[in-house]
Amino acid sequence: MTTALYRRYRPDTFAHVIGQDHVTEPLRAALRSNRVTHAYLFSGPRGCGKTTSARILARCLNCEQGPTETPCGTCDSCKELSTGGPGSLDVVEIDAASHGGVDDARELRERATFAPVRDRYKVFIIDEAHMVTTQGFNALLKLVEEPPDHVKFVFATTEPERVIGTIRSRTHHYPFRLVPPDVLEPYLGTLCAEEHIEVGDGVLPLVIRAGGGSVRDTLSVLDQLMAGTTQGTLDYHQTVALLGYTDSALLDQSVDALAGGDGAAIYRVVERMVESGHDPRRFVEDLLQRLRDLLIIAVAGDGAEAVLSGVPADQMERMQVQAKNWGPRHLSRAANLTDEALRAMVGATSPRLQLELLIGRILIPTTGDGPATSTVETESAIPGTVGMVGGGAPFEPQPNSGNEESFGAAQARAELERKRRERAEKVPETKTPPAEKNHENTPVEEAAPSMPEENSWPQTATPPLGDEETPAQESPVAATPAKTGRDSDMLRGRWNEVVEHLASISRVAWT
Ligand SMILES: [Zn+2]
């Protein structure tokens, strides 16, 4: 029986830890300058290298040539703590999930008083530290605060907020992060090469997606796939089937049918998909992912390829055509509806029904008379979020087809433009009067007329989202500045009167 992939490839130096440079760099710097503190808190999602880094830190500290950031690898301590090694007597790993009670803490306290058996430090790695009970933490408090010189602590936890504050404040806190795909993909590539496994196009992005940014989970997925390979090749279709993802060809057909408004075709795809045993929820999830990709292509243009680096070239070409055909506005709306449907599908008794409803909603035209328009209006009334589609275009409700609104908007725009021109002409002369006055009332009185000006400028200066196709949307935005603009114009026009009046009041006050 072979050892699991993530065990075999577990790094034993900081240089080999991937995606956590923000943690490993300062730790290495501390080792270089011999400023390693006595207690650390490593937090972050599971499978991101917290415990591994704790072991590496122990290895660096206890190397015969150390403390060093590059353990020699030949001394007894280095060998024992290397990948696949038996572990060292002076590095004690405690799983707080099963040993987090007050008695365990007291025992640990006792053990800490003894000098290391052979090496420089006794390093205690407390895994799942959030599982230590409050009494357990309290028993450790004094020790963590003022440990003997030969003792180092590393607390590793997925939930740092559950580690009591008094312990947390006595540690240096290093948050680990999920590893991004652009770091994982080349790493998995070299790993597959070392394992003599050939990887088909588009396989690694699927593996990375299944791993969710956790290195351990990603390697477990890859391990499972590798175990099932025939003739040392990871094939795309095999991977899709094994991981239960929707085949990209099926997604292509769905997207083409939806973008083209071909209801018959898309319902045929659903029929086929459900018959072949796919989970409708998974399909909707994959559809949302695809819509997100298309939205990125639609709004980021040439920059999209950098964002979607894992997508094979031919797939990218197809998606560019799809994004162009569907258009950002409709994509955004479809993504919004899909996101809502996905949430509605949680615990739904008939996910297929939800899927078919979703398709219907996407296919309903966004402009036109009768029920279609009213549906869209109801949807836009709900403050929908785009969910997974972070950074995509905001959901834009479609305008009504009425003529009155557009006329009103045009009027408001013309009015606004006129005000803006007038204001531009008046600005120089309105600025002068306050400078001439110099008595204690000036700052207070000056603030009043200038406030409306500040309020109206940003609203008129920033163009509302959307373009010429949505005149009705602009009307509420345009109406506000027009009103405040009028007030400030009135005030500016009568500024000299105000100044004179104030001067007379002040004179009365002085005499
Ligand atoms: Zn060594």
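For this chain, numbers begin at 1 and follow the sequence in order. Numbering of ligands and ligand atoms starts at 1, following listing order.
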>> Strictly under 2.8 Å of the Zn ion (ligand 1): which protein N/O/S atoms qualify?
In response: Cys63 SG, Cys72 SG, Cys75 SG, Cys78 SG

> Angle class for the Phe137/Phe155 ring planes (parallel below 30°, perpendicular above 60°, tilted otherwise)?
Replying inline: tilted

>> So for atom NE2, which belongs to His16, do other residues, nucleotides or ligands contribute more than 12 heavy atoms lying within a distance under 6.0 Å?
In response: no

> Can you tell me if Asn62 uses its side chain to pair, donor with acceptor, with the backbone of Asp119 under 3.5 Å?
Replying inline: no

> Between Thr233 and Asp235, is there a donor-acceptor pair closer than 3.5 Å when you use the side chain of the first and the backbone of the second?
Replying inline: no

> Can you list the residues that meet the side chain to side chain contact (heavy atoms under 4.5 Å, CB included) rule with Glu271, with sequence neighbours excluded?
Replying inline: Glu275, Arg352

> For residues Tyr9 and Glu195, is any side-chain donor paired with an opposing acceptor at under 3.5 Å?
Replying inline: yes

